[in-house]
Student: 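Here it is, the structure in full.
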Amino acid sequence: MAKQSREAIINMVSSSSSLHPPPPVPKELHALNRSKLIGSLRQHLSSSNRPLEGFVLLQGGEEQNRYCTDHTELFRQESYFAYLFGVKEPGFYGAIDISTGKSILFAPRLPAEYAVWLGEIKSPSHFKEMYMVNMVCYTDEIVDVLHAHHGGPGKPVLFLLHGQNTDSNNFSKPAEFKEMEKFETDLSVLHPILTECRTIKSDAELSLIQYANDISSEAHVEVMRRTRAGMKEYQLESMFLHHTYMYGGCRHCSYTCICATGGNSSVLHYGHAAAPNDRTFEDGDMALLDMGAEYNFYGSDITCSFPVNGKFTSDQKLIYNAVLKAYDGVISEMKPGVNWVDMHKLAEKIILESLKDGGILIGDVHEMMTERIGAVFMPHGLGHLLGIDTHDPGGYPKEIERPKEPGLKSLRTARDLREGMNQDAISLMRYWLLPWKIQAHRSSSTTKRLQDLKASVESGSKVTWCTLAAGKECCHYQISQRKPRHKVIVGIARSKLLRQGSQEPNPWQNNDFRQESYFAYLFGVKETGLYGAIDIATGKSILFVTRSLAGYILVLGEAKLLEYLNYLKEAFMVNMVCYTDEIAEVLHDHHGGSEKPVLFLLHEQNTDSNNFSKPAEFKGMEDFETDLSVLHPILTESRAIKSDAELFLIRYANDVSSEAHVEAMRSMRADMFDIDLRNIFLHHANTNADGCSITCICATGSNRPLKMEIWFEDGDMALLDTGAEYNFYVSDITSSFPVNGKFTSDQKLICNAILKAHNDVISTMKPGVNLADMQKSAEKSILESLKDGGILVGDVGEMMIERLGAVFMTHGLGHLLGINSTHDRGGYPKVTLRPKGPALKSLHSTSELKEGMVITVEPGCYFSDALLAPLLESSSTSKFFNHKEIERFKTFGGVRIKSDVYVTSNGADILTKCPRETWEIEAVMAAVNSRVRIYRLTM
């Protein structure tokens, strides 16, 4: 490693300086990417004697809901689309005219209610300036616009993206739209050319990758400084996320964080849902932290290994220095023209030599290389291309074959390095990771040394750096080292019910997996790919687990078959654990009758999202009768009433969330960004629970835009709507408070109006009360307060008839709360019809309250011009407004207060412990040096 880099580490540790605020994104970045593509595409077409005309057309990503719920996952743009256009919003298309190089964005035509729920509807001119394209139209104009730009005879040619990702083996999705038959399409030309463009980084791209590495390196050093024996692994993850978000503006990580200590560090992709960084590490452990931030789509990928007590043992030094020597050796050889397979072999050779010098191995290193012993200690590839994706595409163009030998076959590229490539290297697995492979190679003389070293180190060393092949040298970018049930089957007497849990989209890419909520409710299983069954006659439960491949076990965790099955049986308290390929056989054996067993499968519509739950599927289903109607309403009703155990988890999630809301209030300052406030909450939720249950909403006044962010100013009101999740069960809380810690008279007026409605509604809650009546009660209370404050005039009864309350509180008063989704199921059983009136139609339930329900109470008052304007102009409603006062409040924004409430036998228990009175909030925000828990003790 260069001397300068060593000094940079020392300086960083001593100063722990911040890079906040984030740098501006080069505006020309994506325009340059488009220009590079068109140049390469024209060259290809010319060499193929094809005309230089047609359109590159890509379809951007769409927002996704969590399974059948209305919980919208945080959107991240499709990578190829992000590369060419940089668009952060979902639902876009992008086109480039090959003949002229001009670019066109097609934006979705949003409905008017978008402005109420999700914010200002941006004009085409906004997107034209924001993304530096030549034209912006709407998606329903694609056909007309492209034909108009074509202008020639015949159908225009669309070059669509379709090709295989050699890391995931998945195929990119070509664009689709109505009336595509009016175009010729080409599915073969674009993908390899665009992929090759992505492998060589421009200076603008490098500036973002550099920043992502700088803030990630700083975060790794911060985590090292704060690590102490006795902490939880997820606390290290939380510290990293906090630093990169709070000081770096990085809302996304490049991949799921791996915070492995002790034996967990032998698991390549530890940190997934079934192994969620939850071990308590001990004095003497090594920590392996593999984490990288993403900034404006571009990522970093850094791994640090260090002793949790700050002191390396001799054995830990031996392994760490072996890896570091291999790293330095590879870096010193990297330059354009060097083959990556040769670099992998060089790393293996240096590691084997170090292990031999340390007395772990004996014999000739050349013979070890021939026997591929290096692959035992480093079974993964040396590194991968890095850019918009952690594993950036382009590793295996069609002319390059993937090696087949152990270790080498895991390489994500076998290419020669080229100037401008970004390469992530180098890692060493814990050498006893594959004991059955080691046993085949080692001699008895090395056995004791291996065992001693395993007991001493109990972890692997992994040093990962991002490097750039640049001219004859290699430039370094890092300066640091760094309970639900899956698939369910149930049967009655001679009948069976089948429920399927969730599949991880791509386990090798380690997505942030979340279990399907019905499966989570019944079985509590965090792992992917399982089924679960319950025999209705006996009540006995069965889990079915996949037969894990050795490669999957290697990457995602050890699963010695018998031990793993016994673990599942004990951990999830089921009667039996079998394999998924035994489902039909096992269920038939338990059935015992001559006729086909009946499977009760989950299939019905979610009344919040209108999506349907997916019934279980497996091989051999034709040998069973199936019932799709019985299970869903019964299981949904079961979820609506909470047990004491469920209430315990929801209460804990509320405790953590309440503390986090108080911490956000205490930390609030003018000129903070929304991401700062959001990150304060996330850090607390990640440290004390399982993260957030919903995408955080941090809003203020008129939501001033700056670099696609919101900042708070002195005099603003802040609205924070978010909640923590713990073991699948959630909270959902909203607080509203002044940025400067002092309420103005106007702010007090609105906040007290909402608090009065909040308290009035809760005071009337008990079994038998109807939610629609509670909504109307809240509206009436708010209208009365606004009239008392001089904003409205006239008779409140007439205002209710005109549905004026729906203008100020357009959403529903609350919703059921429970597992894995803030909008829990059961709001509209088949016997209950959804209201059709304004605001009432937004209610997530109009059922009568029952003892054991948990429901949110969230009145709000918002001054939305989109809603107010029609009523101010209407003769029937204009009379209710004091127009001078309304004009003054138009820039006020909104206030919402949301608490989670448990329905008892004769009333309600408020689970949320946030300060609500204006004087309480001011006192909390004034107590700068107080601890969060002090407030809760006084409540």
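These values consider heavy atoms only, across backbone and side chains, with no hydrogens, waters or symmetry-generated copies. Computed from a prediction, not measured in an experiment: that's the story for all the values here.
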Student: Taking the side chain as every heavy atom from C-beta outward, state whether Met231 and Phe281 have any atom pair closer than 4.5 Å.
Tutor: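 Sidechains of Phe281 and Met231: in contact.
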Student: Looking just at side-chain N and O atoms, do Asn213 and Ser300 make a donor-acceptor pair shorter than 3.5 Å?
Tutor: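 No.
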Student: Report yes if the side chains of His252 and Phe297 come closer than 4.5 Å at any heavy-atom pair, otherwise no.
Tutor: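 Of all side-chain heavy-atom pairs linking Phe297 with His252, none is under 4.5 Å.
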Student: Counting only N and O atoms by type, is there a donor-acceptor contact under 3.5 Å from the side chain of Ser657 to the main-chain atoms of Ala724?
Tutor: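 It does hold such a pair.
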Student: Rounded at 0.5 Å granularity, tell me how far CD in Glu78 sits from OG in Ser172.
Tutor: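 The distance works out to 7.5 Å.
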Student: Does a donor on one side chain sit under 3.5 Å from an acceptor on the other, for Asn688 and Glu659?
Tutor: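 Checked: Asn688/Glu659 side chains show no N/O donor-acceptor pair below 3.5 Å.
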Student: If you measure from CD on Gln235 to NE2 on His683, what distance do you get to the nearest 0.5 Å?
Tutor: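 One gets 9.0 Å once the value is rounded to the nearest 0.5 Å.
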Student: So, Ser79 side chain and Ile388 main chain: donor-acceptor pair closer than 3.5 Å or not?
Tutor: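 Absent.
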Student: Got a donor-acceptor contact below 3.5 angstrom from the Ser265 side chain to the Ala260 backbone?
Tutor: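 Answer holds: no.
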Student: Over 60° means perpendicular and under 30° means parallel, so classify the ring planes of Tyr247 and His243, tilted if in between.
Tutor: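 The rings of His243 and Tyr247 sit tilted, inter-plane angle from 30° to 60°.
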Student: Given Asn277, which partner from the list Glu233, Glu237, Lys232 fulfils the side chain to side chain donor-acceptor pair (under 3.5 Å) test?
Tutor: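 So the option named by the test is Glu237.
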Student: Closer than 4.0 angstrom, basic N to acidic O: yes or no for Lys122 and Glu89?
Tutor: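 Glu89 and Lys122: not salt-bridged.
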Student: As an exercise, state the distance from OG1 of Thr72 to CG of Leu118, rounded to the nearest 0.5 Å.
Tutor: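 Thr72 atom OG1 to Leu118 atom CG measures 8.0 Å (nearest 0.5 Å).
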Student: Any donor and acceptor pair, going by atom type alone, linking the side chain of His30 with main-chain N or O of Ala82 inside 3.5 Å?
Tutor: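 Looks like yes, one N/O pair under 3.5 Å.
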Student: I'd like to know whether Thr256 forms a side chain to side chain contact (heavy atoms under 4.5 Å, CB included) with His272, so could you lay out the CA-CA distance, the side-chain angles of the two residues, the decisive distance to 0.1 Å, and finally the verdict.
Tutor: CA-CA 7 Å; Thr256 302; His272 56 95; 5.7 Å; no
Student: For Asp389, which residues count as a salt bridge (charged side-chain N to carboxylate O under 4.0 Å, His left out) partner, sequence neighbours excluded?
Tutor: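 Expected list: Arg198.
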Student: Before giving the answer on side chain to side chain contact (heavy atoms under 4.5 Å, CB included), spell out for Leu682 and Leu241 the whole-Å C-alpha distance, their side-chain angles and the decisive distance to 0.1 Å.
Tutor: CA-CA 8 Å; Leu682 285 172; Leu241 295 173; over 6 Å; no
Student: Within a strict 4.5 Å, meaning less than it, do heavy atoms of the Asn296 and Lys88 side chains meet?
Tutor: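 Yes, at least one pair of side-chain atoms sits under 4.5 Å.
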Student: Do side-chain atoms of Arg678 reach the backbone of Tyr245 as a donor and acceptor pair under 3.5 angstrom?
Tutor: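 Looks like no, no N/O pair under 3.5 Å.
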Student: Could you walk me through whether Glu294 and Ser254 pass the side chain to side chain contact (heavy atoms under 4.5 Å, CB included) test, one step at a time?
Tutor: CA-CA 5 Å; Glu294 175 182 306; Ser254 301; 3.9 Å; yes
Student: Using a distance-only test with no angle check, is there a side-chain donor-acceptor pair under 3.5 angstrom linking His384 and Asp167?
Tutor: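 The answer is no; no qualifying pair exists.
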Student: Assess, by modelled atom type and distance only, whether the side chains of Asn165 and Asn170 contain a donor and an acceptor separated by less than 3.5 Å.
Tutor: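 Side chains of Asn165 and Asn170: no pair found under 3.5 Å.
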Student: Taking all atoms of both residues into account, what is the closest heavy-atom pair of Ile350 and Gly329, and its distance?
Tutor: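 In terms of heavy atoms, the two residues are closest at CD1-CA, 4.0 Å.
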Student: Would you confirm whether Thr413, through its side chain, and Gly395, through its main-chain N or O, come within 3.5 Å as a donor-acceptor pair?
Tutor: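 Answer holds: yes.
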Student: About how many Å separate CG of Leu417 and CE of Met334, when rounded to the nearest 0.5 Å?
Tutor: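 It is 5.0 Å, given to the nearest 0.5 Å.
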Student: Ignoring hydrogens and geometry beyond distance, is a side-chain donor-acceptor pair present between Asp290 and Tyr255 at under 3.5 Å?
Tutor: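 Their side chains do contain a donor-acceptor pair, which is all the 3.5 Å distance test asks for.
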Student: Spell out, as yes or no, whether a donor-acceptor pair under 3.5 Å connects the side chain of Asn33 to the backbone of Tyr83.
Tutor: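 Checking the backbone N and O of Tyr83 against the side chain of Asn33, a donor-acceptor pair under 3.5 Å is found.
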Student: Begin from the C-alpha positions of Arg514 and Glu73 and carry the test salt bridge (Lys or Arg N to Asp or Glu O under 4.0 Å) through to its verdict.
Tutor: CA-CA 11 Å; Arg514 301 291 293 274; Glu73 302 286 6; 5.4 Å; no
Student: Is Met291 close to Thr244 at the side-chain level, that is, under 4.5 Å between some pair of heavy atoms?
Tutor: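 No, their side chains stay 4.5 Å or more apart.
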Student: By the definition ring-ring contact (aromatic ring centres under 6.0 Å, His included), identify the one residue from Phe127, Phe81, Tyr131 that meets it with Phe92.
Tutor: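 Checked Phe127, Phe81, Tyr131 against Phe92; only one passes ring-ring contact (aromatic ring centres under 6.0 Å, His included): Phe127.
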Student: Give a yes or no on this: more than 12 heavy atoms of other residues, nucleotides or ligands lie within 6.0 Å of atom CD of Glu129.
Tutor: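 Check fails, neighbour count at 12 or below.
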Student: If we only count heavy atoms from C-beta on, is the Ile680 to Met672 side-chain gap below 4.5 Å?
Tutor: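 Counting from C-beta outward, Ile680 and Met672 do come under 4.5 Å.
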Student: Is any side-chain heavy atom of Glu713 closer than 4.5 Å to a side-chain heavy atom of Val739?
Tutor: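 SC-SC contact between Glu713 and Val739 ruled out.
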Student: Rounded to the nearest 0.5 Å, how far does CD1 of Ile258 lie from OG1 of Thr303?
Tutor: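 The distance works out to 7.0 Å.
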Student: If you compare all heavy atoms of Ala229 against all heavy atoms of Glu282, which two are closest, and at what distance to 0.1 Å?
Tutor: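 It is CB-C, 3.9 Å.
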Student: Taking all heavy atoms of Gln77 and all of Val87, pick out the closest pair and write down the distance.
Tutor: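 Where Gln77 meets Val87 most closely, the heavy atoms are NE2-O, 2.9 Å.
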Student: In this structure, are over 12 heavy atoms from other groups packed under 6.0 Å from Lys317 atom NZ?
Tutor: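 It does not: Lys317 NZ has 12 such atoms or fewer within range.
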Student: What are the two closest heavy atoms between Arg279 and Tyr270, and how far apart are they?
Tutor: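 Scanning both residues completely, I find the closest heavy atoms to be N-OH, 4.1 Å.
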Student: Check His344 against His380 and note the closest heavy-atom contact, atom names and distance.
Tutor: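 In terms of heavy atoms, the two residues are closest at CE1-O, 3.1 Å.
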Student: Report the distance from atom CG of Leu32 to atom CD of Glu205, rounding to the nearest 0.5 Å.
Tutor: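 The CG atom of Leu32 sits 9.0 Å away from the CD atom of Glu205.
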Student: Are the side chain of Asp328 and the backbone N or O of Lys325 linked by a donor-acceptor pair below 3.5 Å?
Tutor: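 Between the backbone of Lys325 and the side chain of Asp328 there is no qualifying donor-acceptor contact (under 3.5 Å).
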Student: Begin with the C-alpha distance, continue with both residues' side-chain angles, and end with the deciding distance and a verdict on side chain to side chain donor-acceptor pair (under 3.5 Å) for Tyr298 and Ser207.
Tutor: CA-CA 10 Å; Tyr298 285 86; Ser207 69; over 6 Å; no
Student: If you take all heavy atoms of Pro26 and Leu208, which pair is closest and at what distance?
Tutor: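 Where Pro26 meets Leu208 most closely, the heavy atoms are CD-CD2, 4.0 Å.
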Student: Whether the Ser731 and Tyr726 side chains hold a donor-acceptor pair (N or O, under 3.5 Å, no angle test) is what I'd like checked.
Tutor: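 On atom types as modelled, these side chains do not qualify, holding no pair under 3.5 Å.
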Student: Answer with yes or no whether the side chains of Thr700 and Asp716 bring together a donor and an acceptor at under 3.5 Å.
Tutor: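 Per modelled atom types, Asp716 and Thr700 side chains form a pair under 3.5 Å.
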Student: Do the side chains of Asp392 and Lys201 get close enough for a salt bridge, i.e. N-O under 4.0 angstrom?
Tutor: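 Here Asp392 pairs with Lys201 in a salt bridge, since their nearest N and O are under 4.0 Å apart.
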Student: Answer whether the closest heavy-atom distance between the side chains of Thr227 and Leu236 falls below 4.5 Å.
Tutor: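 Heavy-atom side-chain distance check passes, below 4.5 Å.
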Student: Just so I know, are the side chains of Ile694 and Thr722 near enough to count as touching, which here means a heavy-atom distance under 4.5 Å?
Tutor: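 A side-chain contact under 4.5 Å exists here.
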Student: Using side chain to side chain contact (heavy atoms under 4.5 Å, CB included), reason through Arg415 and Trp340 one step at a time and then give a plain yes or no.
Tutor: CA-CA 6 Å; Arg415 297 180 61 155; Trp340 197 239; 5.8 Å; no
